[in-house]
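Inspection log for the structure reproduced underneath, given as structure tokens.
Counting begins at 1 with the first residue of the sequence.
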Amino acid sequence: MSEFSKEDLERKITLTAGDTAPQFSLENSDGVSVSLKDFVGKNVVLYFYPKDNTPGCTTEACEFSALYDDFIAKDTVIVGVSPDSVKSHAGFAQKQSLKHILLSDPAHEVAKLYGVWQVKKNYGREYLGIARSTFVIGKDGKIAKVYKSVKAKEHAAKVLADLVK
């Protein structure tokens, strides 16, 4: 018998291009509430990552931050989401000199809305975690592109290249 609920076992990314992006509000690394609706009229790159200060997540965050000005030039906001605490995000952002927004989703509410809180397998062990994924949300609030099973290295450059100004 699985230790996971039927909902957990069946959760997957079902959002596709053209769908309205699910609304949310979460706290940023300063403890300030940030909502998707705060970015109406801008493109949003919403990326979900497993954990602050781990090799892949650090690579991904640093690459997004390095291209921050290029994303801004394309009228695009970068928002990273993980289950880590506000305090963890603050330390991670400071340590890595990150320029973009990090949001804390400790109850996995937004991760579940977007279908990225999934059963994962590693070395024969099953657990619930973030499936590294990115959603590009257009100025109209609709999902423009979904990236599933993302590899951290060079992902930010790929997203930037795919963006239409």
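Between the side chains of Lys142 and Thr20, at least one donor N or O sits under 3.5 Å from an acceptor N or O.
Residues Arg11 and Glu7 are paired through a salt bridge, judged by an N-O separation under 4.0 Å between the basic side chain and the carboxylate. Ionic pairing of Asp162 and Lys158 is present here: one or more N-O contacts between side-chain nitrogen and carboxylate oxygen are shorter than 4.0 angstrom.
The shortest side-chain heavy-atom distance between Pro106 and Ser85 does not fall under the 4.5 Å cut-off. With contacts defined as side-chain heavy-atom distances shorter than 4.5 Å, the pair Asp70/Ile72 does not qualify. With a 4.5 Å cut-off on side-chain heavy atoms, Thr14 and Lys12 count as touching. Contact check for Leu15 versus Pro22: side-chain heavy atoms found under the 4.5 Å cut-off. Between Val119 and Leu128, the closest side-chain pair of non-hydrogen atoms falls below 4.5 Å. Contact of the Phe39 side chain with the Val34 side chain is registered, since non-hydrogen atoms from C-beta on lie closer than 4.5 Å. The shortest distance between side-chain heavy atoms of Ser65 and Leu98 falls below 4.5 Å. Within the 4.5 Å cutoff, no side-chain heavy atoms of Thr134 are placed close to those of Leu46.
Panel note: side chain Ser88, backbone Val86; no donor-acceptor pair is recorded below 3.5 Å. At least one donor-acceptor pair under 3.5 Å links the side chain of Asn43 to the backbone N or O of Lys74. For the pair Lys139 (side chain) and Val40 (backbone), a donor-acceptor distance under 3.5 Å is absent. Formation of a donor-acceptor pair under 3.5 Å by the Thr59 side chain with backbone atoms of Pro55 is found in this model. No donor-acceptor pair under 3.5 Å is formed between the side chain of Asp105 and the backbone N or O of Ser82.
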Verdict with supporting geometry, Ile101 and Val77, side-chain contact (heavy atoms from CB on, under 4.5 Å): CA-CA 8 Å; Ile101 299 165; Val77 177; 4.0 Å; yes
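Annotation: the span from Ile137 atom CD1 to Thr76 atom OG1 amounts to 11.0 Å, rounded to 0.5 Å.
Pairing each heavy atom of Val79 with each of Val44, the nearest pair is CG2-CG1, 4.1 Å. In plain terms, the two heavy atoms of Val136 and Leu163 that are nearest each other are CG1-CD2, 3.7 Å. Of all the heavy atoms in Asp75 and Lys42, the pair that sits closest is OD1-NZ, 3.1 Å. Between Pro83 and Trp117 the shortest heavy-atom distance is CG-CZ3, 4.1 Å. Closest heavy-atom contact between Ala111 and Ile130: CB-CD1, 3.6 Å. The two residues Tyr114 and Ile13 come nearest to each other via the heavy atoms O-CG1, 3.8 Å.
Ring geometry, His89 versus Tyr49: the interplanar angle falls from 30° to 60°, so the pair is classed tilted. Below 30°, between 30° and 60°, or above 60°: for Phe48 and Phe135 the angle between ring planes is above 60°, a perpendicular geometry. In this pair, Tyr147 and His155 present their aromatic rings perpendicular. The plane angle is above 60°, beyond the 30 to 60° band.
The side-chain hydrogen bond (donor to acceptor under 3.5 Å, both in side chains) pairs that include a residue from residues 90-99 number zero, where partners must be two or more places apart or lie in different chains. Each salt bridge (charged side-chain N to carboxylate O under 4.0 Å, His left out) pair with one or both residues in residues 45-65, not counting sequence neighbours, appears once here: Lys51-Asp84, Glu60-Arg132. Sorted by first and then second residue, the side-chain hydrogen bond (donor to acceptor under 3.5 Å, both in side chains) pairs involving residues 28-38 (not counting sequence neighbours) are Ser25-Ser35.
Put simply, the residue from Tyr68, Phe92, Phe71, Tyr47 that forms a ring-ring contact (aromatic ring centres under 6.0 Å, His included) with His100 is Tyr47.
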